Q: 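Below you will find the structure I want to go over with you.
These figures come from a predicted structure and were not determined experimentally.
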Amino acid sequence: MSDSIATSITLNGDPYPLDADTPLTALLERLNMRRGRVAVELNREIVPKARYDETMVRAGDHVEIINFVGGG
């Protein structure tokens with residue numbers, strides 16, 4: 001039996017499971033999103049790209065991710 005406790009965040013308005021506190025960059029990788037092509041809001045505050053590596057996503061957090069798509 002695992003000692004980890006499943007937790008969740010709200011991601012773009014929907015519940016999303018996490019196993020533990022997760023670095024924002026790891027969450028973006030898990031979602032197959034490139035950090036240079038997204039904007040992230042964590043608990044109603046924009047996270048500067050320079051702080052993605054040090055920002056932790058924790059149980060109960062509200063995360064909004066906007067993915068920029070090019071095209072015409």
Q: Output the distance between atom CD1 (I9) and atom CG (D61), rounded to the nearest 0.5 Å.
A: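 Rounded to the nearest 0.5 Å, the CD1-CG separation comes to 7.0 Å.
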Q: Does R30, at its CZ atom, have more than 12 non-hydrogen atoms belonging to other residues, nucleotides or ligands within less than 6.0 Å?
A: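 For R30, atom CZ is crowded (more than 12 foreign heavy atoms under 6.0 Å).
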Q: Please identify which of these residues, L11, N12, V47, meets the side-chain contact (heavy atoms from CB on, under 4.5 Å) condition with V63.
A: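 That would be L11; it is the only one of L11, N12, V47 passing the side-chain contact (heavy atoms from CB on, under 4.5 Å) with V63.
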Q: Should we count CD of E54 as having more than 12 external heavy atoms under 6.0 Å?
A: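 Atom CD in E54 is packed in, count exceeds 12.
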Q: Okay, side chain of K49, backbone of V38: is any donor-acceptor separation there less than 3.5 Å?
A: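 Such a contact is found between K49 side chain and V38 backbone.
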Q: Distance from N67 atom CG to L31 atom CG, nearest 0.5 Å?
A: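 N67 CG to L31 CG: 10.0 Å, rounded to 0.5 Å.
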Q: Return yes if some donor-acceptor pair links the side-chain N/O of R58 with the main-chain N/O of D21 below 3.5 Å, else return no.
A: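 Answer holds: no.
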Q: Would you check if the side chain of T22 reaches a backbone N or O of V57 as a donor-acceptor pair within less than 3.5 Å?
A: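 No; judged by distance alone, with no hydrogens or angles, the pair does not exist.
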Q: What distance separates M33 CE from L28 CG, expressed to the nearest 0.5 Å?
A: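 Separation between the atoms: 7.5 Å.
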Q: Flag the pair D53 / R35 as yes when at least one side-chain heavy-atom distance between them is below 4.5 Å, and no otherwise.
A: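 The answer is yes, as the side chains (C-beta and beyond) meet within the 4.5 Å cut-off.
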Q: Is the CD1 atom of I66 crowded by more than 12 outside heavy atoms at less than 6.0 Å?
A: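 Open: at most 12 neighbouring heavy atoms sit under 6.0 Å from CD1 of I66.
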